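Everything below concerns the one structure shown next.
Computed from a predicted structure; not experimentally measured. The analysis underlying the following values was restricted to heavy atoms, covering all of them including side chains, and did not include hydrogens, waters or symmetry mates. Letters go in sequence order (proteins before strands), and every chain restarts at 1.
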Amino acid sequence: MSLIEQQLPSIPGKRYFTISETSGLCEVKQHVLRYWEQEFSQLRPIKRKGNRRYYQRHDVLLIRQIKELLYDNGYTILGAKQKLNADENSKQIKESAFKDIEQEVQELIDILD
DNA sequence: CTTCTGACA
DNA sequence: TGTCAGAA
């Protein structure tokens, strides 16, 4: 989406990534990743044996997005949270709007038949 | 050897 | 956010 995102290493075709790999993939320190996990409810890597974190592609993408908001567009953590929640809401709104239109189209089709 | 938690600067 | 200790 943004210029900086293009510069980060592309995500390998693996399913899970250790915190070490994720840190490298996103260029965000490990302890920061753990901290963000407390701040952003959207960020929830699955935990396995020994409480080790395993991140998936969407986690990596989310982290990159958060990093972009925080480091590149001077958002505060609170602002970034609100931004992400707003995006999530508009996404849901668009989805429900799509369903409504889909419904109306179907009704028009029925009328034409 | 890597990662985790908790504590403290 | 950075760093360290001690455990797993």
Side-chain angles (χ1 to χ4, degrees):
Chain A
M1 170 163 260
S2 65
L3 298 177
I4 192 161
E5 193 165 18
Q6 312 278 14
Q7 301 171 340
L8 292 171
S10 53
I11 306 175
K14 292 169 54 179
R15 194 144 207 217
Y16 299 112
F17 305 91
T18 63
I19 192 171
S20 190
E21 297 173 315
T22 306
S23 176
L25 245 29
C26 300
E27 291 184 307
V28 173
K29 299 299 181 60
Q30 300 180 18
H31 68 270
V32 176
L33 290 180
R34 299 191 186 101
Y35 171 61
W36 284 358
E37 196 176 320
Q38 298 177 16
E39 301 298 321
F40 303 92
S41 55
Q42 294 95 331
L43 182 56
R44 286 174 193 169
I46 63 176
K47 290 187 176 181
R48 291 273 176 75
K49 325 157 257 201
N51 259 334
R52 274 172 161 61
R53 295 169 174 69
Y54 289 94
Y55 299 84
Q56 298 190 37
R57 324 184 75 69
H58 66 265
D59 294 315
V60 173
L61 294 176
L62 175 60
I63 292 168
R64 287 183 174 185
Q65 191 183 164
I66 293 175
K67 181 198 175 190
E68 192 179 309
L69 293 175
L70 258 34
Y71 296 177
D72 302 327
N73 319 324
Y75 276 72
T76 59
I77 286 188
L78 179 60
K81 283 184 191 175
Q82 299 175 333
K83 167 72 172 170
L84 290 177
N85 287 326
D87 287 350
E88 180 59 24
N89 284 333
S90 79
K91 179 185 173 188
Q92 294 180 349
I93 290 176
K94 284 178 183 174
E95 288 176 350
S96 68
F98 177 75
K99 289 181 181 176
D100 288 346
I101 293 178
E102 190 176 39
Q103 177 67 248
E104 291 175 28
V105 168
Q106 188 54 245
E107 291 174 358
L108 289 175
I109 290 177
D110 290 341
I111 293 178
L112 292 176
D113 286 343

- prompt: Choosing from B:dT3, B:dT5, C:dT1, which nucleotide comes nearest the side chain of A:Ser20?
  reply: B:dT3
message: What is the distance, to the nearest angstrom, from the CD1 atom on A:Ile46 to the P atom on B:dT3?
response: 15 Å
task: Round to a whole Å and report the spacing from CG of A:Asn51 to C1' of B:dT5.
output: 9 Å
Given B:dC4, C:dT1, B:dT3, the nucleotide with the shortest approach to the side chain of A:Tyr71: C:dT1
message: Quick one, A:Lys67 and A:Trp36 - any side-chain contact, counting heavy atoms below 4.5 Å?
response: yes
- request: Check every atom of B:dT3, B:dT5, C:dT1 against the side chain of A:Thr18 and return the nucleotide holding the closest atom.
  value: B:dT3
message: Using a 3.5 Å distance criterion without hydrogens, assess whether the side chain of A:Arg52 forms a donor-acceptor pair with backbone atoms of A:Ile19.
response: no
Heavy-atom pair of closest approach, residues A:Pro45 and A:Glu37: CG-OE1, 3.7 Å
- line: Separation of B:dT2 atom C1' from A:Tyr54 atom OH, nearest Å, is 9 Å
query: How close or far is atom P of B:dT3 from atom CZ of A:Arg48, stated in whole angstroms?
result: 15 Å
Over all atoms of both residues, closest heavy-atom pair of A:Leu33 and A:Thr22: CD1-CG2, 4.1 Å
- prompt: Any side-chain N or O of A:His31 less than 4.0 Å from the OP1 or OP2 oxygen of C:dT1?
  reply: no
- prompt: How far does CG of A:Leu69 sit from NZ of A:Lys81, to the nearest 0.5 angstrom?
  reply: 13.5 Å
- prompt: Between A:Lys47 and B:dT5, is there a side-chain N or O to OP1/OP2 distance below 4.0 Å?
  reply: yes
task: Starting from C1' on B:dT5, measure out to OH on A:Tyr35 and report it in whole angstrom.
output: 17 Å
task: Round to a whole Å and report the spacing from NZ of A:Lys49 to C1' of B:dT5.
output: 20 Å
base_contact_polar (B:dT2 base, A:Arg52 side chain, donor-acceptor, <3.5 Å): yes
Distance, rounded to the nearest Å, where A:Tyr16 contributes OH and B:dT3 contributes P: 17 Å
Nucleotide B:dC4, atom P - distance to CD of A:Glu37 in whole Å: 8 Å
message: On DNA chain C, compare the nucleotides closest to A:Leu70 and A:Gly50; which residue's is nearer the 5' end?
response: A:Leu70
query: So what does A:Arg34 hit on the nucleic acid, given a heavy-atom distance under 4.0 Å: a base, only sugar-phosphate, or nothing?
result: base
